[in-house]
Amino acid sequence: MNDIPQTNPDASEVVLAARHVAKSFGAVHALKGVNFDVHRGQVTTLFGENGAGKSTLMKILSGVQKPTKGEIILDGQPVELHSTMDAQHKGICIIHQELSLAPNMTVRDNIFMGREIMGPFGVDYAEEERQTRALMEELEEDIDPLSKVEDLRLGQQQIVEIARALSVDARILIMDEPTSALSASEVEVLFKVIHDLKARGVSIVYISHHLEEALTITDHAVVLRDGNMTAYAPRSEIDLEWIVVNMVGENFDLGSPPEVTFGAPALSIENLSVPSHTGVGLAVDGLDLDITAGEIVCIYGLMGAGRTELLECAAGRLKNTGGSIKLHGENVAGLTIAERINAGLVLVPEDRQRDGLVQTMTVGKNLSLASIGNFTRGLFTNHADEDKIIADSIRDVTVKTDGPGAPIGSLSGGNQQKVVIGKMLVTDPSVIMLDEPSRGIDIGAKAEVFKLLAERAKQGLAVLYTTSEVTECLSIAHRIIVMRRGKISATFTSDTTKEAIMAASGESMVA
Amino acid sequence: MSASTASHTPKPAAKGINIGHILLEGRAFFALIAIIITFSFLSPNYASVGNFLIMSNHVAIFGLLAIGMMLVILNGGIDLSVGSVLGLSGVFAGYLMQGVEVPSLGIILYPPVWAVVVLTMTLGAFVGFVNGILIARFKVPAFVATLGSLYVARGAALLMTNGLTYNNLSGKTEFGNTGFDWLGFNRIANVPVGVIVLVVVSVAAFLLLSRTAFGRWLYASGGNERAAELAGVPVKRVQITVYMLSGVCAAIAGLVLSSQLTSAGPTAGETYELTAIAAVVVGGAALTGGRGGVGGTLLGAFVIGFLADGLVIIGVSSYWQTVFTGAVIVLAVLLNSIQYGGLKRV
Ligand SMILES: Nc1ncnc2c1ncn2[C@@H]1O[C@H](COP(=O)(O)OP(=O)(O)OP(=O)(O)O)[C@@H](O)[C@H]1O
Ligand SMILES: [Mg+2]
């Protein structure tokens, strides 16, 4: 299946194209006259910083939004896409960056939502279920078609979103950061699926901030910057550095472990057990972990390894059935989430839409939400103090926004993620736990967040973060822990290799 | 409306002043102006200071309920019990005004009016507390929990009086419990006390929402409870408090109403919860929580109140009044979805 003919890119056929497409939201010009080609049966990858306009362009190509200016050309003919349904009828399907599933419905119902298979007696649930199972098999996932989406982990929800798009049988498939919550082995499966799709002549648009990963399937690379297309090249002419330089203008590295003298134990987890949310078995199984002040620890593991449960239990969201958690020597059992935050133990959650953001509030109020106490004088909040906290925070984590008063939904995905991180950093914690902090943020922002964490570590902050990307383990972390089935399967120092880490997690290298 | 919207562009020009946008944002305000102007033309008696004050005194009752309701709705809940709590509070106050017999001591206590007010507000808070506990701790859906207390509170009011009405609330000078009618009848600088009470409660609610941590918590947990909890918001405590505040508002409304009517009947305030919800919605709040404010809610209460009174003044039949009120509510919700739909990222 890997014997796809390497056509000359410029000669290959363009199925879908954007011509001089511009899009404005009030005073914000998200796209400023972009030309973009999708090649038949190939993968066109779109790179760009957070807020560059990638998602906006994809929404326009899939009928979600209408361009302010410019036109869309499908099979050489100018077309107007009136809705996502219209686009689907024309063969264009999109996997959204922010998941668009109905959490209260089953996997099966989500996959066939709006396209229910009708039998003689109404909806043919058996057939839908069969097809769902087949899709899950293709994606090598063990997800029951009848489980509710809200009971699935974020990564599994992303798989459902992908399965839904696959079930449409589109000619053109747009994937806006489909892998942000997937582990390496799942990404590998997805890439296999993408190869199959290509072989069947499906054209793919792919967006990801995991640059190396994306390069492995790219046929054509396009770089967007501030709403303009700044570079275009076929795969044969580019490398990682080309992308980064075109994206952000300079090359970044994710830093190295800061030189610190480890202080007193900050967080001590002893023999911790957390039941899994399905009720059978343990998500965290007798785990021991100590982190001292100033230390940065990275947890690597596959989806379902128990990382999220470990962090959520420490933060007070989940109850443990055994073991203890101590913060600076004090047992935190019985403390509420709020009390733990006040004591200096904070969590940056993984799922920003569900757990991280209040969609009805502005950027500023989201940023200050966890630190209201810091700007309350007596009975009332102090606006000047709050504004200062918000301004500092926007600068620290470099949120690209119209201003603190902008609705949080107007931010690009990566910038929303930065708000979630910034919100917890301004509480001035002594231990910060970040669950997949790099989800959806661009390489420049990632480097900045890591730099910020490294700097805070020098001042004594203990940092615990999880990641599904091995390169992120080998950055600022002093210690790398691999989790597997609720236990620590290996511990490494920062001079280890990617291969060793992945082997310990129980997965093979991505090609 | 304007010429620009008639053109073929899907959205009116972003630059410059967008009339459609302003009309949408301030719709409750413009609706109120439109109502006042229309009725002023239709009836010479409508546009007078005296009539405005009388109408405002009517609005005060709904306004008080609506402020409490708004807090609950901002939090993502609903409180169907406010009409019943209003009725129960009136009856409870009436009962206290008749004197409380303590058989064991063989005496009758006549609590002073301030104590009646405090005790009645405590009763309102208690009903709200029960609602809050059911909803926050026992996860009973707000609709069901408060529907239950709608019945229980109404039943309790009927039981207390055996279905009768307390007609004498004036108290006696020798018992030192006169002055209950002050709330409903007196005026300060010619403004009815009921209206002043509404203003005071509104200012307090405004400060609570815009200037305190609690207000921020309220908006946050109404917008996304999980995210709020993880950010350290005590979401359960907020929820319980919100229902207590709603109960207190309903109790205050009950006091004002029975004072205005100089009687306390157990059926007072029936279906008022619906009017309160309508006022909140007309004021631009989202029933899904997280969006809305005091100003909008007050405007909503005035729109509904001034419309109803205006229709009475020009002699429209009460059947048509019902139809008009319903139409206004639906129109308001329609505009809400247009406004909030525009903010959402698709
Ligand atoms: N509905 C909206 N209202 C206002 N501004 C918007 C809206 N949608 C997008 N924007 C703005 O348009 C710009 C481009 O956003 P877009 O989501 O396309 O970025 P992106 O390249 O996908 O970024 P990311 O990598 O973070 O996902 C951003 O500045 C964003 O704030
Ligand atoms: Mg995006």
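So you know, we letter chains A, B, ... as the sequences are listed, proteins then strands, and number each from 1.
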[atom1] ([X]) with more than 12 external heavy atoms under 6.0 Å:
| X | atom1 | value |
| --- | --- | --- |
| B/Phe30 | CZ | yes |
| B/Lys236 | NZ | no |
| A/Lys400 | NZ | yes |
| A/Lys319 | NZ | no |

For [X], is it the side chain, the backbone, both, or neither that has a heavy atom closer than 4.5 Å to a heavy atom of chain B?
| X | result |
| --- | --- |
| A/Thr376 | side chain |
| A/Lys365 | both |
| A/Thr68 | neither |
| A/Gln353 | backbone |

Identify the heavy atoms of [X] and [Y] that sit nearest to each other, and give their distance.
| X | Y | value |
| --- | --- | --- |
| A/Ala338 | B/Gly232 | CB-O, 3.1 Å |
| A/Ile372 | B/Ala213 | CG2-CB, 3.3 Å |
| B/Ala220 | A/Leu369 | CB-CD1, 3.5 Å |
| A/Gln359 | B/Gly223 | OE1-O, 4.3 Å |

- When heavy-atom pairs shorter than 4.5 Å are enumerated against chain B, which of A/Leu379, A/Leu347, A/Thr336, A/Leu357 gives the highest number? A/Leu357
- Message: Looking only at heavy atoms and a cut-off of under 4.5 Å, which of A/Glu386, A/Glu312, A/Arg340 has the most pairs with chain B?
- Response: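 Greatest number of close heavy-atom pairs with chain B: A/Glu386.
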[X] side chain near [Y] side chain, heavy-atom distance below 4.5 Å:
| X | Y | value |
| --- | --- | --- |
| A/Met361 | B/Arg291 | no |
| A/Pro349 | B/Arg226 | no |
| B/Leu207 | A/Phe380 | yes |
| B/Leu230 | A/Ile337 | yes |

- Item | Proximity breakdown for B/Ser210 and chain A, heavy-atom pairs closer than 4.5 Å |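 For B/Ser210, the contact with chain A is made by the backbone alone.
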- Message: Tell me if a side-chain donor or acceptor on A/Asp355 pairs with a main-chain N or O of B/Ala227 at a distance below 3.5 Å.
- Response: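 No, the answer is negative, given that no donor and acceptor are paired below the 3.5 Å cut-off.
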- So does B/Glu225 pair up with A/Arg354, basic N to acidic O under 4.0 Å?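 Judged by the 4.0 Å cut-off on N to carboxylate O distance, B/Glu225 and A/Arg354 do not form a salt bridge.
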